[in-house]
Structure formats: structure tokens, C-alpha cells
Amino acid sequence: HIEDDIPLIQADAARLSQVLNNLLSNALRHTPSEGMIELSIQASPESVRLTVRDNGDGIPQEQLTHIFDRFYRADRSRTRSTGGSGLGLAIVKGLVEAHGGTVSAYSKGLGQGTTFVVRLPT
């Protein structure tokens, strides 16, 4: 879903592609094949908001504060060979903040899906 009249932002297109690819890869990894992943872009007077929402595995509340930490994996059963290095969301946070933006994550818990919101200044 993309709103009309999204303002331009000054950004490194390759780095923002990396952010989006990482968030979508995570959503695909944690959402069953019959699940749903929604991408939306909305504008406010001071920012553009990119939202990636899924109805997949979800994240327990106590882990939400750590998911942007380097090497952190919410699913402890995953290893580097089965689920990445634990750096993806830390990289997302670093790239978004380098653009003057913020990233946050929301989930009601296991089995309730996850929503990532990236805000970038206009």
C-alpha cells in the first residue's frame, strides 16, 4: 500500500534497498507460506513511514528490546547456518539512523506476527 503524494527524501538508494531487503527477508523467513506480509508507505509533514507487517511467528515482548542488538537472535534454535548471523536488524538500525531516521518493532507475542516501522525525515 503506497499513499499518494509521498514526498522525496534524501537517501542512499542502495542502503535503503538493503534495509527493505533485510526486513522483507525476515518477514518471509518467519511467515508461513499461507501467511501475509504487508508493505506500506505513508507520509506525514516531517517524515515518510515504511511499514513491514506480517502475521507470522511473532516475537515475545521481553525480546523486542533486544532484536536490534548485534548477534541477537530471538529464536535461539537458529544458528548462523540456519538463520543468519544475528546482524541483520542491527545493520538495519545503523543504516536507518545514519539517514536521520528511526526503526521500531512491535509484536503482541508468539504467533501474533511482527510489525517493523522505519521513519525517515523528509
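In this chain, numbering begins with 1 at the start of the sequence shown.
- Cluster membership check: L20 does not share its hydrophobic cluster with V117, using side-chain heavy-atom separations under 4.5 Å among Ile, Leu, Val, Met, Phe, Trp and Tyr.
- Summarising the geometry, atom CD belonging to Q112 is positioned 10.0 Å from atom CD belonging to Q61; distances are rounded to the nearest 0.5 Å.
- Contact record, G100 with P121: O-CD, 3.5 Å, taken as the closest heavy-atom pair.
- Each of L8 and I6 belongs to its own hydrophobic cluster when Ile, Leu, Val, Met, Phe, Trp and Tyr are linked at side-chain heavy-atom distances under 4.5 angstrom.
- To the nearest 0.5 Å, atoms CD1 (I59) and CG (L64) are separated by 5.5 Å.
- Scanning all heavy atoms of the two residues, the minimum distance from L89 to F68 falls at O-CD2, 3.4 Å.
- Among S44, P7, P45, the one residue that satisfies the side-chain contact (heavy atoms from CB on, under 4.5 Å) test with T122 is P7.
- Shown here for N55 and M36, the closest heavy-atom pair between the two residues is OD1-N, 2.7 Å.
- With rounding to the nearest 0.5 angstrom, the OG atom of S104 is 9.0 Å from the CD1 atom of I67.
- Note that NE2 of H1 and CD of E38 are 4.0 Å apart. Values are rounded to the nearest 0.5 Å.
- Put simply, the side chain of L95 does not reach to within 4.5 Å of the side chain of L16, judged on heavy atoms.
- In terms of heavy-atom proximity, G58 sits nearest to S107 at CA-OG, 3.5 Å.
- Applying the salt bridge (Lys or Arg N to Asp or Glu O under 4.0 Å) criterion to E3, with sequence neighbours excluded, gives no partner residue.
- Partner of V103 under the side-chain contact (heavy atoms from CB on, under 4.5 Å) criterion, chosen from L120, V92, L50: V92.
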Could you walk me through whether T114 and N26 satisfy the side chain to side chain contact (heavy atoms under 4.5 Å, CB included) test, starting with their C-alpha distance in whole Å, then the side-chain angles of each, then the deciding distance to 0.1 Å, before giving a yes or no?
CA-CA 10 Å; T114 305; N26 284 347; over 6 Å; no
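- R119 meets the salt bridge (Lys or Arg N to Asp or Glu O under 4.0 Å) test with no other residue; sequence neighbours excluded.
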Report the C-alpha distance between I37 and R53 in whole Å, list the side-chain angles of each, state the deciding distance to 0.1 Å, and finish with yes or no for side chain to side chain contact (heavy atoms under 4.5 Å, CB included).
CA-CA 6 Å; I37 298 171; R53 176 179 294 123; over 6 Å; no
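- Linking Ile, Leu, Val, Met, Phe, Trp and Tyr whenever their side-chain heavy atoms come within less than 4.5 Å leaves V19 and Y106 in two separate clusters.
- When every heavy atom of G88 is checked against every heavy atom of N22, the shortest pair comes out as CA-ND2, 3.0 Å.
- A 4.5 Å side-chain heavy-atom check between T51 and T115 finds at least one atom pair inside the cut-off.
- At distances below 3.5 Å, not a single donor-acceptor pair connects side-chain atoms of D57 with backbone N or O atoms of G111.
- T31 approaches A27 most closely through the heavy-atom pair OG1-O, 2.7 Å.
- Residues L87 and R70 have side chains in contact (heavy-atom distance under 4.5 Å, counting atoms from C-beta outward).
- Around atom CD of Q10, no more than 12 heavy atoms belonging to other residues, nucleotides or ligands sit under 6.0 Å away.
- How far CG of L23 is from CD of Q18: 11.0 Å, rounded to the nearest 0.5 Å.
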